[in-house]
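In what follows, a single structure is set out as structure tokens and then discussed.
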Amino acid sequence: MTYSFLRLAAEALRGQTGWTPAWRDPEPKAEYDALVVGGGGHGLATAYYLAREHGITNVAVLEKGWIGSGNAGRNTTIIRSNYLLPGNEAFYEHSMKLWEGLEQDLNYNAMVSQRGVLNLVNSDAARDAAARRGNAMRLHGVDAELLDADGVRAMVPYLDFDNARFPIKGGLLQRRGGTARHDAVVWGFARAADRRGVDIVQNCEVTGIRVSNGRVMGVETTRGFIGAGKVGLAVAGNSSRLAGMAGMRLPIESHVLQAFVSEAIKPLIDCVITFGAGHFYISQSDKGGLVFGGDIDGYNSYAQRGGLPLVEDVMEAFMALLPLAGRLRVLRSWGGIMDMSMDGSPIIDRSPIEGLYLNTGWCYGGFKATPASGWCFAWTMAKDEAHPLNAAMRLDRFASGALIDEKGAGPYPNKH
Amino acid sequence: MRIPCPHCGERGHEEFAYYGAADPRRPDADAPLEAWHDYVYLRDNPAGPHRELWQHVHGCRRWLEVTRDTRSHAIAAARDVAARGTA
Ligand SMILES: Cc1cc2nc3c(=O)[nH]c(=O)nc-3n(C[C@H](O)[C@H](O)[C@H](O)COP(=O)(O)OP(=O)(O)OC[C@H]3O[C@@H](n4cnc5c(N)ncnc54)[C@H](O)[C@@H]3O)c2cc1C
Ligand SMILES: [Zn+2]
């Protein structure tokens, strides 16, 4: 069923009785041409682009819980393409371009809002770094504007500009950045993939990967064995567990990242603001809540909840940036398990096992990548080779030395 | 999460700095590249008991090997790294 204004009007007149489920709930078949493990944004986007771009429609997405129950449904929804390094920037810009046409493409309202992402700078050195990053973006044809303190003040006058420790000296603005509704992205890709024949199989946990003579044969699941010549893993924080089922160890640690939402207030923040002096980012949801977060807790974790020291750290940054935070109540906090890679950048690649493909290492920035990740992973699975956009996101870069380390932090996942 | 330091007693984890997995052992200087790649980059990253290194930076400053379940954060053991020898 195609969604349109006409359909909406017709359903209003019929008492909303004609809507059908947005995707089917099929029993898994015994065999598919390709399987995607993980019903987050990346897995669903991969299945969609396999069908749309490569005509591979005999595909199932296997999800252990319900789709969007992982990080796709837990993130702070920021989308941007303000990366520094060549191996990353073209990829994230491709993602931004896909976001810009996504709703028409999927026939689904993903509430993509290009409200601008403003990265504040609090020192001269930070301004130099922002200028460098902005120039790198512009060399890739991406929009970036360096604002001085007055420029920032004109946009967001309520910040603590003259904070004694962290005076705000300016910012790097990407106007095309912004937010998208995370659940709607999941549902939109699921529905669009389903309409092209993809089976979305929920409550189906992969418990083993069958490999024979170095070739993948299919997966063991809680709903039986499912055969396929191609299996793509897009399981975010669970990547090491799945790779382990095929005897592989990955350059990945799993860490918890928390996020928070305040009580709803009148419209205040109409863009995304990030604090330069600490790790902190904030935007306002359409319901009025301030959505914000900071660093990962910093130790390996598979518990989808974090600790209080990090909560304190985030609230301190919030207060330093926006003293009005002191009058706000926090409604909820939650956590998700991040696939932190050894250089802070993702992996979209084949694996040493024929027919088994890896999509992992998203750290805390994979939501913005959702469309391009699916697009590139589908390409890699369909053609058995990387697209130029993900050519640098190789698994063997840790052996070859061609790392993509935006921060220059070294092989310490909790420092990226 | 509270870590039982063998020297200082049970302390909040914010007093400690986290390093990562304790199991990877530094290869010999002339070990093949593959051994170094494993040591520097590859991790077991288990969902379950995990031996890991924490330094009690705001306490005795000793490095500890802590065995913690990464699903529940329950800590089964904590000892000074000196106690584990060089094996
Ligand atoms: C608090 C928080 C804030 C974030 N903020 C941002 C942000 O502002 N901007 C941004 O770009 N990114 C952000 N991220 C990161 C982003 O959410 C992730 O990088 C991205 O969602 C990961 O891809 P995914 O959607 O496919 O992952 P997920 O949604 O986690 O999908 C993986 C799926 O695999 C399933 N799975 C796992 N094991 C199995 C198995 N054995 N069998 C079957 N299925 C399995 C899981 O149930 C899960 O549904 C944030 C993350 C968190 C937690
Ligand atoms: Zn101590």
Side-chain angles (χ1 to χ4, degrees), chain A residues 235-245 247-256 295-313 316 335 337-344 347 352 360-361 395-401 403 405 410-416, chain B residues 1-5 8 10-27 31-59 63-78 81:
Chain A
V235 290
N238 284 292
S239 294
S240 297
R241 299 171 88 177
L242 270 288
M245 292 175 193
M248 282 187 284
R249 293 166 81 224
L250 296 180
I252 299 281
E253 281 181 6
S254 296
H255 286 257
V256 64
D295 256 326
I296 52 177
D297 277 46
Y299 45 86
N300 289 45
S301 176
Y302 282 89
Q304 285 173 315
R305 59 188 161 79
L308 289 172
L310 204 281
V311 175
E312 194 174 15
D313 184 72
E316 281 169 3
I337 301 306
M338 326 281 24
D339 34 337
M340 300 298 298
S341 70
M342 283 284 173
D343 63 357
I347 296 161
T360 184
L395 177 62
D396 68 6
R397 68 177 183 267
F398 300 93
S400 71
L403 303 183
D405 190 343
Y412 305 100
N414 63 349
K415 298 284 182 287
H416 289 288
Chain B
M1 189 162 86
R2 292 166 71 78
I3 297 176
C5 175
C8 312
E10 198 176 273
R11 312 291 305 171
H13 80 79
E14 64 273 28
E15 288 187 9
F16 299 78
Y18 183 70
Y19 181 80
D23 287 345
R25 293 296 175 95
R26 197 179 181 80
L33 200 61
E34 207 183 310
W36 279 97
H37 170 248
D38 272 31
Y39 168 68
V40 177
Y41 294 113
L42 300 188
R43 296 292 177 263
D44 291 336
N45 192 22
H50 185 228
R51 267 185 303 277
E52 54 197 27
L53 296 175
W54 293 80
Q55 189 189 11
H56 197 183
V57 283
H58 296 298
W63 280 95
L64 309 181
E65 183 197 84
V66 176
T67 306
R68 178 181 59 95
D69 191 311
T70 57
R71 296 163 303 185
S72 63
H73 305 326
I75 292 173
V81 286

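Order of the sequence lines fixes the chain letters, A, B, ..., with proteins taken first and strands second; residue numbering starts at 1 for each chain.
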Q. Which heavy-atom pair separates Y41(B) from P411(A) by the least distance, and what is that distance?
A. CE2-CB, 3.7 Å
Q | Toward chain B, the part of P309(A) with a non-hydrogen atom under 4.5 Å | A | side chain
Q. What part of L395(A) is in contact with chain B, defined as an atom under 4.5 angstrom from a non-hydrogen atom: side chain, backbone, both or neither?
A. neither
(Q) Quick check for you: among L250(A), N238(A), N414(A), which has the greatest number of heavy-atom pairs under 4.5 Å with chain B? (A) L250(A)
Q: List for me each residue that meets ring pair (Phe, Tyr, Trp, His ring centres under 6.0 Å) alongside F16(B), sequence neighbours excluded, and say none if there are none.
A: H56(B)
Q: Report the option among G20(B), G12(B), P46(B) that has the most heavy-atom pairs separated by less than 4.5 Å from atoms of chain A.
A: P46(B)
Q: Hey, could you give me the CG/NE2 distance between L308(A) and H13(B), rounded to the nearest 0.5 Å?
A: 8.0 Å
Q: Report, as yes or no, whether the 6.0 Å neighbourhood of atom CD on E34(B) holds more than 12 heavy atoms from other residues, nucleotides or ligands.
A: no
Q: Using salt bridge (charged side-chain N to carboxylate O under 4.0 Å, His left out) as the criterion, list what pairs up with D295(A), not counting sequence neighbours.
A: none
(Q) Show the nearest heavy-atom pair for residues A399(A) and L33(B), with the distance to one decimal. (A) O-CD2, 4.5 Å
(Q) Tell me if a side-chain donor or acceptor on N45(B) pairs with a main-chain N or O of S254(A) at a distance below 3.5 Å. (A) yes
Q.
A side-chain contact here means heavy atoms from C-beta on lying under 4.5 Å apart; do R305(A) and H73(B) qualify?
A. yes
Q) What option among R43(B), H37(B), E52(B), R71(B) has the most heavy-atom pairs under 4.5 Å with chain A? A) R43(B)
Q: Looking only at non-hydrogen atoms, find the nearest pair between R249(A) and D44(B) and report the distance.
A: NE-OD1, 2.7 Å
Q: Quick one: which of P413(A), G307(A), S239(A), S301(A) has the most heavy-atom pairs under 4.5 Å with chain B, could you say?
A: S301(A)
Q) How are the rings of Y299(A) and W54(B) set relative to one another: parallel (under 30°), tilted (30 to 60°) or perpendicular (over 60°)? A) tilted
Q. Do Y18(B) and N300(A) have a side chain donor and acceptor closer than 3.5 Å?
A. yes
